[in-house]
Colleague: 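Let me begin by handing over the structure; questions about it come next.
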Amino acid sequence: MATDLFAEIVRDIQAPLDAWLSAHGAEPQQALGRPTRAGSGDLAMACHRYARAFKKAPQMIAVDLAKVAAEHPLVVEATPVAGFLNLRLDGAAVAARTLAWAMADDGALGRSDARAGQTVLVEYSSPNTNKPQHLGHCRNNILGSTVATLLEATGARVVRVNLINDRGIHICKSMVAYRHFGDGVTPESAGEKGDHLVGDFYVRFDKAFRAEHAAYLKAGGAIEDKDAYFNSDDSALGRETREMLQAWEQGDPEVRTLWSLMNGWCEAGFAQTYARMGVRFDQIYKESTTYLLGKDLVDEGREKGIFYAAGNGAMVFDLSRIGLEGEKAVLRSDGTSVYTTQDLGTAVARHAEHAFDRMIYVVGNEQDHHFKVLFGILEALRPELQGTLHHLSYGMVELPHGKMKSREGTVVDADDLMDGLHAAAAEAGRERWPDLDDGALAARAEAIGIGGLKFYLLNYAPQTTFTFDPEKSIDLKGETAAYCLYAYARATSILRKLGEADVGFEPDYTALGGEQPRAVLDAMLAFPGEVEAAARELKPSLVTKATHGLASAFATFYNNSDNRVLGAEPGAMAARAALVRATRRMLGGALALLGITPLEEM
RNA sequence: GCGUCCGUAGCUCAGCUGGAUAGAGCGUCGGACUUCGAAUCCGCAGGUCGCAGGUUCGAAUCCUGCCGGACGCGCCA
């Protein structure tokens, strides 16, 4: 049984207040909550909104409600203050309940059955197999993976899906470059990860193409626009690439062989990157097998009058149906399908396969418009999908000196980034533990470095476009994974030293009445609500904040010598030991939700 | 032109389904290791919440209009 103890306590105290309000003819509206103002007790409620219903001053209502609240056994003080009802709870009783709950209940680990019976598909990552993954993919992978974990923790059956973009003109560019400059090189012979090797050829293509275009312009060529030049017959490389795509579609054996070879390299590289990030999938789709889906839906939509033929023969959808402007083509005038057609087919096929209650696409906010259109068309075609489709849109990651641009070499490569984080953690670790063997040091550095990346990227709300500072990202101070891991390790250390010294003593919970232990208890009580909100709003940053909040409250508790566990008199020792054990358990659970491995020592 | 997102401390960001004195981290400055691990803690300084109106007992939060930034608006993906 997984419960949210805080919510339970609030409900219990709220009930008689609501009953009183109803009995006096007012609709109960606002729940008790944590007061925003320090020193206002444990729970508070603004009574101003009832003033109209009662035709009475908020101050008077607060006085009446205070009398009702004071009846509750957990409430030791109910004070009306300027129209607010402030409640102080029995600290020892709350502490005893909180610690028992934190040690035994899965709710304290953020688990619940709130989404029991729901099936949710989460699609994330969706890389192209023409170059290695970069910082933007890191945000996507970690965001998608964590959202999936949160939904799972709160009861949903989750299917993690990756749709690999393994076909198309950009893939052919790497292949053309390999054909020209490859000379039989392989990841093994080059000693390079496969995705990086393929990426090298993609860059090589761009370089060769730009040289070709420059020479063309110098010789008096008229087409200045690069894309237009690429698509013209004047560009030999453009022509070769386009012809290769056609050959691929026709199943040309030689082209298919090269394609399989290079895609295999790339996917093997991705697998390593995913494994290191702790990102996994239940199902991997490839566009090479899905790109023709959706054509039957176009026929269906035409019969239903959802699509119609535009002037030049293309099949289009009228976007004014969904409050947007213009038309969206689902078939070109030559009868071939577009990206959206494929997405339509994929969504319908997945619904047939999984009967999902919800499908979440984790994709950058530059595709907001695309998803509005896609969902609008899907809901017109399949009314039963209404309300099930969600685009988890996230902002771009910028660098201190602007955006990431592959052409300008300002891309932060995912593998390099993880190496850098690992190295920074290892360097700090080497100073701390001069005698630790290399293997153990590497394991800790990996946990701290990769955990740091996850925490850093998750700590921003998804829609924010934020600035990634490589220097700060490897910082182990502040609102970081390392900070939370350190709190966990210190709690572990206390308990190791304590052994069983507190066994058999009755905890004296009044020893937890001080400001610092109470702050730890408050952070514990807040945690499940934050996890639920994070799952509901698809916002893992709520979990990183709540985790840091618990670690921070514990650090403050820990650093005050009044709160020593070891050497305290038995009742206080037992109570504080219980607090440390509960903190450790909850921090471990919180880090697990974030995909971060706790360390017993660091 | 239209649409979406964003604008809060020197920097990076929380808070936004309206509530009391707007928060955190970093950075600056000053303190705390003979006491459970200093990758820690404590303290000081730092804000007309982009601007102007409106709604409300009450607005960083809701509405309108401006200003500034990002991204979109394809028979690309």
Side-chain angles (χ1 to χ4, degrees), chain A residues 30 33 35-40 44-49 51-52 57-58 81-84 86 126 128 165 167-170 227 287 291 310 312-316 319 323-343 364-370 372-373 393 395-396 398 400 403 425 428-429 431-432 448 459-461 463-469 472 475-480 482-483 485-487 489-498 541-542 544-545 548-549 552 555-561 563-568 573 576-577 580 601-602:
Chain A
Q30 194 188 11
T36 52
R37 183 176 157 179
S40 302
M45 176 171 159
C47 306
H48 309 75
R49 60 181 52 216
R52 189 157 297 164
V81 179
F84 290 89
N86 292 338
S126 313
N128 296 335
N165 185 333
R167 65 164 287 281
I169 200 77
H170 50 302
D227 291 338
E287 284 200 10
Y291 80 109
N312 55 11
M315 288 306 297
V316 299
L319 289 175
L324 298 172
E325 291 183 358
E327 293 172 333
K328 172 65 192 174
V330 291
L331 282 187
R332 298 187 185 96
S333 44
D334 65 5
T336 57
S337 52
V338 296
Y339 184 79
T340 301
T341 321
Q342 173 197 175
D343 265 3
N365 62 7
E366 71 274 14
Q367 293 201 35
D368 284 357
H369 185 264
H370 166 72
K372 259 184 207 164
V373 170
S393 166
M396 236 171 279
E398 295 182 346
K403 288 188 218 316
E431 282 182 33
R432 283 180 74 79
I448 295 166
N459 201 30
Y460 297 92
Q463 81 270 21
T464 49
T465 296
F466 70 88
T467 305
F468 178 85
D469 186 330
K472 283 183 182 149
D475 205 331
L476 303 176
K477 297 194 299 263
E479 223 170 277
T480 62
Y483 180 94
L485 287 166
Y486 186 59
R490 290 210 293 187
T492 305
S493 173
I494 293 178
L495 296 171
R496 194 165 40 229
K497 289 193 170 135
L498 180 71
S541 58
L542 297 176
T544 59
K545 305 275 180 205
H548 180 264
S552 171
T556 300
F557 167 84
Y558 181 99
N559 273 69
N560 189 316
S561 56
N563 299 317
R564 281 182 61 90
V565 181
L566 272 44
M573 175 178 67
R576 289 173 193 150
V580 176
E601 288 182 70
M602 69 172 280

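To find a chain, count down the sequence lines: A is the first, B the second, and so on, and within it residues start at 1.
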Colleague: Which part of the nucleic acid, if any, lies within contact of A/Ser493, taking any heavy atom under 4.0 Å across all strands shown: a base, the sugar-phosphate backbone alone, or nothing?
Modeller: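 Here A/Ser493 touches the bases of the nucleic acid.
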Colleague: For A/Ala489, report the nucleic acid contact type (base, sugar-phosphate, nothing); a contact means any heavy atom under 4.0 Å.
Modeller: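 Base, at least one base atom sits under 4.0 Å.
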Colleague: Answer with base, sugar-phosphate or nothing: what part of the nucleic acid does A/Ile448 contact at a heavy-atom distance below 4.0 Å?
Modeller: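 Touches a base.
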Colleague: Counting any heavy atom closer than 4.0 Å, what does A/His170 reach on the DNA or RNA strands: base, sugar-phosphate only, or nothing?
Modeller: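 Answer is nothing: A/His170 stays at 4.0 Å or more from every strand.
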Colleague: For nucleotides 8-17 of chain B, give me one character per nucleotide, 5' to 3': B if any protein heavy atom sits under 4.0 Å from the base, S if the only such contacts are to the sugar-phosphate, - if neither.
Modeller: ---SSSSS--
Colleague: For A/Asp343, which contact category applies under a 4.0 Å heavy-atom criterion: base, sugar-phosphate, or nothing?
Modeller: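 The residue A/Asp343 makes no contact with any strand.
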Colleague: Sequence neighbours excluded, which residues qualify as side chain to side chain contact (heavy atoms under 4.5 Å, CB included) partners of A/Ala577?
Modeller: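 Result, side chain to side chain contact (heavy atoms under 4.5 Å, CB included) vs A/Ala577: A/Leu498, A/Asp502, A/Val565, A/Arg581.
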Colleague: A/Asp334 near the nucleic acid: base, sugar-phosphate alone, or nothing, with a heavy-atom cut-off under 4.0 Å?
Modeller: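 Nothing, no heavy atom under 4.0 Å.
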Colleague: Checking contacts here: which listed nucleotide (B/U35, B/A70, B/A20) is nearest the side-chain heavy atoms of A/Glu398?
Modeller: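 The closest nucleotide is B/A70.
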Colleague: Which residues satisfy the ring-ring contact (aromatic ring centres under 6.0 Å, His included) test with A/His370, sequence neighbours excluded?
Modeller: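 Scan of A/His370 (ring-ring contact (aromatic ring centres under 6.0 Å, His included), adjacent residues dropped) gives A/Tyr339.
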Colleague: Please report the distance separating the P of B/G27 from the corresponding atom of B/G69, rounded so that it comes out in whole Å.
Modeller: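 To the nearest whole Å, 31 Å.
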Colleague: My understanding is that only residues two or more places apart in sequence, or in another chain, count here; which of them pass side-chain hydrogen bond (donor to acceptor under 3.5 Å, both in side chains) with A/Ser393?
Modeller: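 Partners of A/Ser393 by the side-chain hydrogen bond (donor to acceptor under 3.5 Å, both in side chains) criterion, ordered by chain and then number, come out as A/Asp368.
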Colleague: What interatomic distance, in whole Å, is found between C1' of B/A60 and the corresponding atom of B/C26?
Modeller: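 Here B/C26 and B/A60 have their C1' atoms 23 Å from each other.
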Colleague: Mind checking the C1' distance from B/A24 to B/C49? Whole angstroms is fine.
Modeller: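 Pairwise C1' distance, B/A24 against B/C49, rounds to 16 Å.
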Colleague: For A/Thr36 and B/A20, is the shortest distance between a side-chain N/O and OP1 or OP2 below 4.0 Å?
Modeller: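 Yes, such a contact exists.
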Colleague: Identify, between A/Val81 and A/Ile494, the residue whose nearest nucleotide on RNA chain B lies closer to the 5' end.
Modeller: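 This one resolves to A/Val81.
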Colleague: Determine the contact category for A/Val338: base if any of its heavy atoms lies under 4.0 Å from a base atom, sugar-phosphate if only primed atoms, P, OP1 or OP2 are that close, otherwise nothing.
Modeller: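 Counting heavy atoms under 4.0 Å across all strands, the contact made by A/Val338 is with sugar-phosphate only.
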Colleague: Tell me, please, which residues at least two apart from A/Leu476 pass side chain to side chain contact (heavy atoms under 4.5 Å, CB included).
Modeller: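 By the side chain to side chain contact (heavy atoms under 4.5 Å, CB included) rule, A/Leu476 matches A/Ala428, A/Ile448, A/Ala482.
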Colleague: Which whole number of Å gives the distance between the C1' atom of B/G18 and that of B/A9?
Modeller: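 It works out to 24 Å between them.
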Colleague: B/C41 C1' sits how many Å from A/Tyr486 OH, rounded?
Modeller: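 Whole-Å distance recorded here is 10 Å.
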Colleague: Under 4.0 angstrom, heavy atoms only, what part of the nucleic acid is A/Glu431 near: base, sugar-phosphate, or nothing?
Modeller: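 No contact.
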Colleague: Given pairs defined as Watson-Crick or G-U wobble with both distances under 3.5 Å, what dot-bracket annotation applies to RNA chain B, with ( ) intrastrand, [ ] crossing, | other strand and . unpaired?
Modeller: (((((((..((((.....[...))))..((((.......))))......(((((..]....))))))))))))....
Colleague: Tell me whether B/C33 sits syn or anti, counting syn as a glycosidic angle within 90° of 0.
Modeller: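 Nucleotide B/C33 adopts syn.
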Colleague: Checking the side chain of A/Asn459 only, and the main-chain atoms of A/Thr544 only, is there a donor and an acceptor separated by less than 3.5 Å?
Modeller: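 Answer holds: no.
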Colleague: Suppose we screen for side-chain hydrogen bond (donor to acceptor under 3.5 Å, both in side chains). Which residues come up paired with A/Glu601, at least two apart in sequence or across chains?
Modeller: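 Here no residue qualifies.
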Colleague: According to the 5.5 Å centroid and 30° plane-angle thresholds, does A/Phe84 stack upon the nucleobase of B/G19?
Modeller: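 Stack criterion not met.
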Colleague: Could I get the full list of side chain to side chain contact (heavy atoms under 4.5 Å, CB included) partners for A/Val338, not counting sequence neighbours?
Modeller: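 Partners of A/Val338 under the side chain to side chain contact (heavy atoms under 4.5 Å, CB included) test: A/Arg332, A/Thr340, A/Thr341.
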Colleague: What residues, two or more places apart in sequence or in another chain, satisfy side chain to side chain contact (heavy atoms under 4.5 Å, CB included) together with A/Phe84?
Modeller: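 Checked A/Phe84 against side chain to side chain contact (heavy atoms under 4.5 Å, CB included); matches are A/Ala46, A/His48, A/Asn86.
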Colleague: Hey, does A/Gln342 reach any base, or is it just sugar-phosphate, or nothing, if we go heavy atoms under 4.0 Å?
Modeller: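 No contact.
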Colleague: Which atom pairs link the protein and nucleotides 57-60 of chain B when you take only N or O atoms and keep those under 3.5 Å?
Modeller:
from, atom 1, to, atom 2, distance (Å)
B/C57, OP1, A/Arg52, NH2, 2.9

Colleague: Tell me, please, which residues at least two apart from A/Tyr483 pass ring-ring contact (aromatic ring centres under 6.0 Å, His included).
Modeller: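 Once residues adjacent in sequence are excluded, the partners of A/Tyr483 under the ring-ring contact (aromatic ring centres under 6.0 Å, His included) criterion are A/His548.
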Colleague: Using atom CG of A/Asp475 as one end and atom C1' of B/G25 as the other, report the distance to the nearest whole Å.
Modeller: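 After rounding, the gap between these two atoms is 10 Å.
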Colleague: Taking only residues two or more places apart in sequence, or in another chain, which ones meet A/Phe466 in a ring-ring contact (aromatic ring centres under 6.0 Å, His included)?
Modeller: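 In terms of ring-ring contact (aromatic ring centres under 6.0 Å, His included), with neighbours along the sequence ignored, A/Phe466 is linked to A/Tyr460.
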Colleague: Rounded to whole angstrom, note down the P distance from B/C51 over to B/U61.
Modeller: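 Roughly 11 Å separates the two P atoms.
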Colleague: Are A/Thr465 and A/Glu398 close enough that some pair of their side-chain heavy atoms sits under 4.5 Å apart?
Modeller: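 Sidechains of A/Glu398 and A/Thr465: in contact.
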Colleague: Could you tell me how far B/A59 sits from B/U40 if I compare only their C1' atoms? Round to whole Å.
Modeller: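 So the two C1' atoms sit 39 Å from each other.
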